[in-house]
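Here the structure comes first, spelled out in structure tokens, and everything after it is commentary.
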Amino acid sequence: MSRDTIADIITSIRNADMNRKGTVRIASTNMTENIVKILLREGFIESARKHQERNKYFLVSTLRHRRNRKGPYQNLLNLKRVSRPGLRIYSNYQQIPRILGGMGIVILSTSRGIMTDREARLEGIGGEILCYIW
């Protein structure tokens, strides 16, 4: 694992989705727990639980099931890391991008915690754009 935990989460979920795996195991930190809660609340994953193994905590997340598994591969979940350790991207609440006209979500790190673009616009605060999910 690298030092960029958000990129690790995104890569783990994307790889599990491409390989048609049902569950993903993610190292548990405050940041990863908040992002998984948002994914759970927005319906991108089905369930998440905390699991302890040798004094380390992991989040075991269950991805949403596909209805048509026999056809060609189609992405069910698209994730894109925006702000990274080498280049931070910030936005005020008026300039937060809309993904697919509001169908997708933007996850932001604000002064009031990690939240979605809709919550940030309602509260009138901006922050660092962590990732896009659609």
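Positions are given from 1, in the same order as the sequence printed here.
For Arg118, the CZ atom sits in a packed shell: over 12 heavy atoms of surrounding residues, nucleotides or ligands are nearer than 6.0 Å.
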Only pairs under 3.5 Å count here: list side-chain donor-acceptor contacts from residues 122-134, not counting sequence neighbours, and write none if there are none.
residue	atom	partner	partner atom	Å
Glu123	OE1	Arg112	NH1	2.7
Glu128	OE2	Ser83	OG	2.6
Glu128	OE2	Arg88	NH1	3.1

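Glu119 places a side-chain N or O within donor-acceptor distance of the main-chain N or O of Thr116, the cut-off being under 3.5 Å. Distance alone, capped at 3.5 Å, places no donor-acceptor pair between the Asp17 side chain and the Ile13 backbone. Arg49 places no side-chain N or O within 3.5 Å of a backbone atom of Ser61 that could act as its donor or acceptor partner.
A distance of 9.0 Å separates CD1 of Ile96 from OG1 of Thr110, quoted to the nearest 0.5 Å. Note that CZ of Arg121 is 8.5 Å distant from CG of Leu108, once rounded to the nearest 0.5 Å. Rounded to the nearest 0.5 Å, atoms CD1 (Ile45) and OG1 (Thr23) are 11.5 Å apart.
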Assess whether salt bridge (Lys or Arg N to Asp or Glu O under 4.0 Å) is satisfied between Lys37 and Glu42, documenting all intermediate values.
CA-CA 9 Å; Lys37 284 179 188 175; Glu42 295 290 328; over 6 Å; no
Does Lys56 form a side chain to side chain contact (heavy atoms under 4.5 Å, CB included) with His51? I'd like the steps, not just the answer.
CA-CA 8 Å; Lys56 291 185 180 180; His51 178 72; over 6 Å; no
Any chance you could lay out the side chain to side chain contact (heavy atoms under 4.5 Å, CB included) test for Met31 and Ile114, step after step, and finish with the verdict?
CA-CA 8 Å; Met31 177 89 65; Ile114 296 176; 3.1 Å; yes
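Nearest heavy atoms, Arg81 versus Pro85: NH2-CD, 4.1 Å. The two residues Tyr57 and Gln52 have their closest heavy-atom pair at OH-OE1, 3.6 Å. Residues Asp117 and Gly104 share a closest heavy-atom pair of OD2-O, 4.5 Å. Minimum interatomic distance between Lys50 and Ser28 (heavy atoms only, all atoms of both residues): CE-OG, 3.5 Å. Summarising the geometry of Ala7 relative to Asp4, their closest heavy-atom pair is CB-OD2, 3.2 Å, with the distance given to 0.1 Å.
Two residues are said to be in side-chain contact when any heavy atoms from C-beta on lie closer than 4.5 Å; Glu53 and Phe58 meet this criterion. Ile35 places a side-chain heavy atom less than 4.5 Å from the side chain of Ile6. Two residues are said to be in side-chain contact when any heavy atoms from C-beta on lie closer than 4.5 Å; Asn34 and Val36 fail this criterion. In this structure, the side chains of Lys21 and Leu63 stay at 4.5 Å or more apart for every pair of heavy atoms. Within the 4.5 Å cutoff, side-chain heavy atoms of Thr11 are placed close to those of Asn15.
Here Thr32 pairs with Thr5, Ile9, Ile26, Thr29, Leu59 under the side-chain contact (heavy atoms from CB on, under 4.5 Å) rule; sequence neighbours left out. Lys80 pairs by the salt bridge (Lys or Arg N to Asp or Glu O under 4.0 Å) definition with nothing, not counting sequence neighbours.
The one candidate from Val106, Asn78, Ile105 that meets the side chain to side chain contact (heavy atoms under 4.5 Å, CB included) condition with Ile99 is Val106.
Met115 and Ile10 end up in different hydrophobic clusters when Ile, Leu, Val, Met, Phe, Trp and Tyr side chains are linked at under 4.5 Å. Under a hydrophobic clustering in which Ile, Leu, Val, Met, Phe, Trp and Tyr are joined whenever their side-chain heavy atoms come within less than 4.5 Å, directly or via other members, Ile107 and Val82 fall into different clusters.
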